[in-house]
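Read the structure below first, then the notes.
Note that this is a predicted model, so its numbers are computed, not measured. Below, read A as the first sequence line, B as the second, and so on, with proteins coming before strands; counting in each chain starts at 1.
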Number of protein chains: 2
Amino acid sequence: MVPEARADRPTAAEPHAPSRPAGQRSARMPRDERRAQLLAAAQEVFVANGYHGAAMDEIAETAHVSKPVLYQHFPSKRDLYLALLESHLASLTELMLGALNSTTDNDERVQAVMRAYFHFIANDDQAHRLVFESDLINDPDVSSRLETFNRTFADAIARVIAEDTKLPHLEAELLGRGLAGMAQVSARYWLETDGNLDLNVASDLIYRLAWRGISRFPKES
Amino acid sequence: MVPEARADRPTAAEPHAPSRPAGQRSARMPRDERRAQLLAAAQEVFVANGYHGAAMDEIAETAHVSKPVLYQHFPSKRDLYLALLESHLASLTELMLGALNSTTDNDERVQAVMRAYFHFIANDDQAHRLVFESDLINDPDVSSRLETFNRTFADAIARVIAEDTKLPHLEAELLGRGLAGMAQVSARYWLETDGNLDLNVASDLIYRLAWRGISRFPKES
DNA sequence: CTGCACGCCGATCTTAATTTCCAAGGGGGC
DNA sequence: GCCCCCTTGGAAATTAAGATCGGCGTGCAG
């Protein structure tokens, strides 16, 4: 462990002796393609170990690339993570809004959203882990991006609720947050018991729970 | 900021010159009391900065104690965190089971649980942050402890659901997880908008959403 | 043919945070 | 009243991970 203990240290005149035996060097690659590969490697490592547990060394190794290459594409580990987070949340937002606009019937809307949510969670890149089990929540940019997504999603739900129940905005928003949370937590639980319950069966259970909860609200006050 | 900038550095012959001017040294204290004080300081720092953002230096400083004292009570930062997590989850579990047993009417049960949950979130030690916004979720002990709590809580809810709806166990469990998630997420949102919505009003909204969602389930199949 | 430019890598630097070492001092037992 | 032991804290060691430095070689343009 002591630095100067290396027996075969090269002579001072020759500090860098490459001596690469064979094709260890990774093939040259267009910049964009390399970037995409690095993102994929990072995704894999972050999902497996979390942000803090992931080492840049391991990400580079996973991509069969040396660390400096990684830093030529992303200025820091944090930036790398933020790029992935942004990408996943953008596509999740698109998915949700797409499901919301897929019909004008509120009942079907809730069902469609729930299915889309379950599909996102079931996606095999495990993006949901990086997003919803982030261990970088204390970072202002991360929590702010997550809050933006949550607000967008909950607002969309709250509009449906408000239309259906005439509840005040603030209260509809609270219910929207609650339903979004229900979707997230139940979908993640479902994923862990996969094989035992079909995606559509599970998401329909939650959809019905949500819809029945909502749909009888207006009659009282 | 440069370390060697200290003008009054002691001579080399005297590496440790305490020179404590006055009562800087913290008072001796019974072991249990000291431990409690350290836990309180750690709670404060963990809540403010998260696990990874919290430094043992800062915890010691907050407790007006030197680091070795901290290590005499807790072998590591991780153990310190686990002690707090365990304590909070134990009392939350107790709260939840107490609310569940406070009545035999399922409707009132759901209401009581929801209120208890909101009270826990509103508690001013901000324990919920340490528990539900942990940035140590990748630690096996942490995630295992959290999963134990979630299972306990969801199981209790699932039993109510199963009794009320005759749904199969697995599906009742899914709904239980979903409702637990709804409680958690909506309560945390409510806390951020505090002042605008009374605790009982908010928790009753969520309780009604949950109960209506559940209560009409049996009529179909 | 030759030079240049781009992308790649080994090796090292730097920083930061946890954990430990060792001398000093005050309170309780005899 | 005195001594011993236990507790305290300043300072340092260790480790680990993020970030960087400087040269190499291949392929294309002139």
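With sequence neighbours left out, T152(B) forms a side-chain contact (heavy atoms from CB on, under 4.5 Å) with T93(B), T148(B). Contacts of D155(B) classified as side chain to side chain donor-acceptor pair (under 3.5 Å), with partners at least two apart in sequence or in another chain: none.
Map Y51(A) and P68(A) each onto its nearest nucleotide of DNA chain D; the residue landing nearer the 5' end is Y51(A). The 5' end of DNA chain D is approached more closely, in terms of each residue's nearest nucleotide, by H73(B) than by the other of H73(B) and P75(A).
To the nearest angstrom, C1' of dC6(C) lies 16 Å from CD of E33(A). Summarising the geometry, the separation between NE2 on H64(A) and P on dC8(C) is reported as 14 Å, rounded to the nearest angstrom. In this structure, CG of L70(B) is placed 12 Å from P of dT20(C), rounded to the nearest angstrom. The distance from atom CD of E61(A) to atom P of dG10(C) is 11 Å, rounded to the nearest whole Å. Here the P atom of nucleotide dG7(C) and the CD atom of Q37(A) are 14 Å apart, to the nearest Å. Between the CG atom of L80(B) and the C1' atom of dT19(C) there is a distance of 14 Å, rounded to whole Å. One can place OH of Y71(A) at 18 Å from P of dT12(C), the figure rounded to the nearest angstrom.
Put simply, R34(B) has a side-chain N or O that comes within less than 4.0 Å of OP1 or OP2 on dT8(D). Residue Q72(B) places at least one side-chain N or O closer than 4.0 Å to OP1 or OP2 of dT8(D).
Y81(A) and F46(A) have perpendicular rings, their planes meeting at more than 60° on a 0 to 90° scale where under 30° would count as parallel. Relative orientation of the W190(B) and F118(B) rings is tilted, given thresholds of 30° and 60° on the angle between their planes.
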*Apply side-chain hydrogen bond (donor to acceptor under 3.5 Å, both in side chains) to the pair S76(A) and D79(A), showing each step before the final yes or no.*
CA-CA 5 Å; S76(A) 75; D79(A) 286 281; 2.6 Å; yes
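Counting distance only, with no hydrogens placed and no angle test, the side-chain atoms of R28(A) and the base atoms of dC6(C) include a donor-acceptor pair under 3.5 Å. Contact of K67(A) with dT20(D) (side chain to base): no donor-acceptor pair of N or O atoms is detected under 3.5 Å.
Within 4.0 Å (heavy atoms only), R78(B) reaches no atom of the nucleic acid at all.
The neighbour count for E61(A) CD, taken as heavy atoms of other residues, nucleotides or ligands under 6.0 Å away, does not exceed 12.
In this structure, Y117(A) has its ring center closer than 6.0 angstrom to the ring center of F153(A).
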Taking only nitrogen or oxygen atoms into account, show me every contact under 3.5 Å that the protein makes with nucleotides 14-17 of chain C, one pair per line with its distance.
none

